[in-house]
Amino acid sequence: MATAATAAATGGLVHLPPPQSAAPRFGASRAPSLLSRRPGQHRQPLRHGAGRVSARSVAVGEAAYAEPEAALLEALLGVQGRGRAVAPRQLQEVESAVQTLEALGGVPDPTSSSLIEGSWQLIFTTRPGTASPIQRTFVGVDSFRIFQEVYLRTDDPRVVNVVRFSESVGDLKVEAEATVEDGKRILFRFDRAAFTFKFLPFKVPYPVPFRLLGDEAKGWLDTTYLSHAGNIRISRGNKGTTFVLQKSPDARQILLSTISAGTGVEEVIDDFISSQNGAEVDLDILVGEWQLLWGSQTKGESWSSVASAGLKDFQIIKEDGQLKNLVSPFPGVSLNARGNICKTGNSNTFSVSMNEGAVQVGGVQFPLDTKGEFVMEILYIDNKIRISRLNQHMLVHLRIANAT
């Protein structure tokens with residue numbers, strides 16, 4: 001276990017049984033993020049209120065992002081467990097965006113820049129075969145937040161990996177003494193670690209004999225991209241792992257990680273919506289294929305009503321207003337409901353009429369009564385995220401395709 005804990009130079013990750021933790025909340029530095037427009041893509045953020053939804057600049061909090069940086073953040077939306085669960089197509093988009101930034105170069109000699117100093121939150125990491133099972137399991141826990149602190153301009157240069165269980169529980173810090181080898185590489189050796197729990201007045205040493213591990217406690221970290229604004233960093237470690245770190249997480253990233261963790265979602269949605277600006281939305285921005293990430297409780301509802309309302313799995317909206325909901329309650333069984341969606345007046349509400357459906361079991365299809373009338377109110381939408389209210393249900397969708 002000690003070897004696994006110190007493997008992968010940039011991570012230094014140690015697995016603990018996940019304690020119960022509170023979901024992260026938006027603080028004073030809320031970060032509405034609308035990423036820059038690409039040809040053929042809609043980029044209109046929406047807000048619930050006064051029936052208006054308006055566009056925003058390419059910014060997260062106080063820091064603006066260059067278009068290639070924004071493209072990377074866009075590609076990362078919807079990735080669960082900081083890379084634990086990612087579709088091959090999305091992984092390809094992330095890797096392409098990473099390579100684009102590395103080719104641009106960012107800040108020359110990043111280890112010599114003061115921009116590398118401070119606390120960085122890990123938002124994505126690859127899973128090479130050299131990473132330990134403990135590390136892979138730990139990084140994938142969405143209810144934990146993982147940071148890397150870099151302090152090179154002190155009498156005791158250090159790289160510190162921090163696992164924050166929650167604000168109420170505490171954290172684990174794994175520290176390493178650091179040496180700058182050149183403009184990109186930091187050499188380090190793990191030398192101490194401890195738990196800090198809010199309910200204990202003292203630190204609990206982490207039982208790893210770093211001095212006895214020899215080379216297993218050593219590693220190096222190359223910074224292959226550091227943004228000129230000092231808010232995005234890409235690093236590669238001696239175990240072949242790629243890391244994407246950020247100074248100020250996108251509010252959408254916080255929302256999605258909270259949904260993945262499964263606690264405090266409604267509160268975070270309320271905070272998210274209240275932080276957005278507003279403008280009107282039309283049908284064209286709804287066109288595409290959407291995956292339902294989260295919905296308010298649907299207990300006691302029949303599968304036909306769930307399919308009709310689109311409360312599970314996927315939703316496809318076409319340019320002519322045709323709508324299809326897909327539900328797969330069990331392996332080999334799927335339900336679909338078809339209908340139409342159209343805008344009602346000048347507000348951000350849409351009328352949804354479902355008129356036919358079917359249940360398919362293997363290769364056999366049977367008709368299903370999915371008729372229903374619904375009112376969909378768009379509370380927020382951009383090219384990746386949609387938050388809506390459908391009758392009494394609150395829904396969060398992730399766009400997985402722009403065209404149908």
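This is a predicted model, so every value here is computed, not measured.
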(request) Could you point out which residue of Asp222, Thr242, Thr223 forms a side chain to side chain donor-acceptor pair (under 3.5 Å) with Arg236? (result) Thr242
Out of curiosity, [X] [atom1] to [Y] [atom2], how far, rounded to the nearest 0.5 Å?
X	Y	atom1	atom2	value
Leu72	Glu67	CG	CD	13.0 Å
Ile259	Ile254	CD1	CD1	12.5 Å
Ile146	Gln121	CD1	CD	9.0 Å
Met394	Glu266	CE	CD	7.0 Å
Leu323	Cys342	CG	SG	11.0 Å

Are the side chains of [X] and [Y] in touch, meaning some heavy atoms are under 4.5 Å apart?
X	Y	answer
Leu335	Pro329	yes
Lys384	Glu74	yes
Gln322	Ile317	no
Leu256	Ile385	yes
Asn231	Gln246	no
Phe165	Phe197	yes
Glu181	Ile186	no
Gln291	Val396	no

Under 3.5 Å, is there a donor-acceptor pair between the side chain of [X] and the main chain of [Y]?
X	Y	result
Ser96	Gln92	no
Arg164	Arg145	no
Ser227	Ile232	yes
Asp282	Asp284	no
Lys343	Val281	yes
Thr111	Arg185	no
Gln90	Leu77	yes
Ser166	Val169	yes
Arg338	Ala358	no
Ser328	Phe330	no

Which heavy atom of [X] sits nearest a heavy atom of [Y], and at what distance?
X	Y	result
Asn238	Gly219	OD1-CA, 3.6 Å
Val359	Leu368	N-CB, 4.1 Å
Phe374	Asn391	CD2-ND2, 3.3 Å
Gly295	Leu395	CA-CD2, 3.9 Å
Val94	Phe124	CG1-CE2, 3.8 Å
Leu326	Asp313	O-CB, 3.0 Å

(request) Kindly determine whether Leu122 and Gln148 satisfy side chain to side chain contact (heavy atoms under 4.5 Å, CB included), including the steps that lead there. (result) CA-CA 7 Å; Leu122 179 68; Gln148 185 174 81; over 6 Å; no
(request) Show your reasoning for whether side chain to side chain donor-acceptor pair (under 3.5 Å) applies to Thr349 and Thr344. (result) CA-CA 6 Å; Thr349 60; Thr344 59; 2.7 Å; yes
(message) Could you walk me through whether Glu373 and Ser353 satisfy the side chain to side chain donor-acceptor pair (under 3.5 Å) test, starting with their C-alpha distance in whole Å, then the side-chain angles of each, then the deciding distance to 0.1 Å, before giving a yes or no?
(response) CA-CA 5 Å; Glu373 300 289 332; Ser353 300; 2.7 Å; yes
(message) Determine whether Ile378 and Phe350 satisfy the following criterion, side chain to side chain contact (heavy atoms under 4.5 Å, CB included), listing intermediate values before the conclusion.
(response) CA-CA 8 Å; Ile378 304 299; Phe350 294 79; 3.8 Å; yes
(request) Would you tell me whether Ser334 and Gln360 have side-chain atoms, one donor and one acceptor, within less than 3.5 Å of each other? (result) no
(message) Could you go through Asn340 and Asn355, starting from their C-alpha distance and side-chain angles, then the distance that decides it, and tell me whether this counts as side chain to side chain contact (heavy atoms under 4.5 Å, CB included)?
(response) CA-CA 8 Å; Asn340 298 91; Asn355 47 49; 3.6 Å; yes
(request) Could you tell me whether Gln365 atom CD has more than 12 heavy atoms of other residues or ligands within 6.0 Å of it? (result) yes
Look at the aromatic rings of [X] and [Y] and report parallel, tilted or perpendicular, splitting at 30° and 60°.
X	Y	answer
Trp290	His397	perpendicular
Phe195	Tyr206	perpendicular
Phe190	Phe188	perpendicular

(request) Could you go through the side chain to side chain contact (heavy atoms under 4.5 Å, CB included) check for His393 and Met376 one step at a time? (result) CA-CA 10 Å; His393 299 287; Met376 179 191 294; over 6 Å; no
(message) Check for me whether Arg233 meets the cation-pi criterion with Tyr225, that is, NZ or CZ under 6.0 Å from the six-membered ring centre and within 45 degrees of the ring axis.
(response) no
(request) May I have the step-by-step check of salt bridge (Lys or Arg N to Asp or Glu O under 4.0 Å) for Arg252 and Asp382, ending in yes or no? (result) CA-CA 10 Å; Arg252 296 181 302 171; Asp382 61 27; 2.5 Å; yes
(message) Leu379 and side-chain contact (heavy atoms from CB on, under 4.5 Å): which single residue from Ile273, Ile269, Asp270 fits?
(response) Ile273
(request) Take Lys324 and Glu356 through the test salt bridge (Lys or Arg N to Asp or Glu O under 4.0 Å) and record every step on the way to the result. (result) CA-CA 10 Å; Lys324 181 178 181 181; Glu356 63 177 346; over 6 Å; no
(request) Check each of Lys247, Arg158, Arg153 against Glu117 using the salt bridge (Lys or Arg N to Asp or Glu O under 4.0 Å) test, and report the only one that passes. (result) Arg153
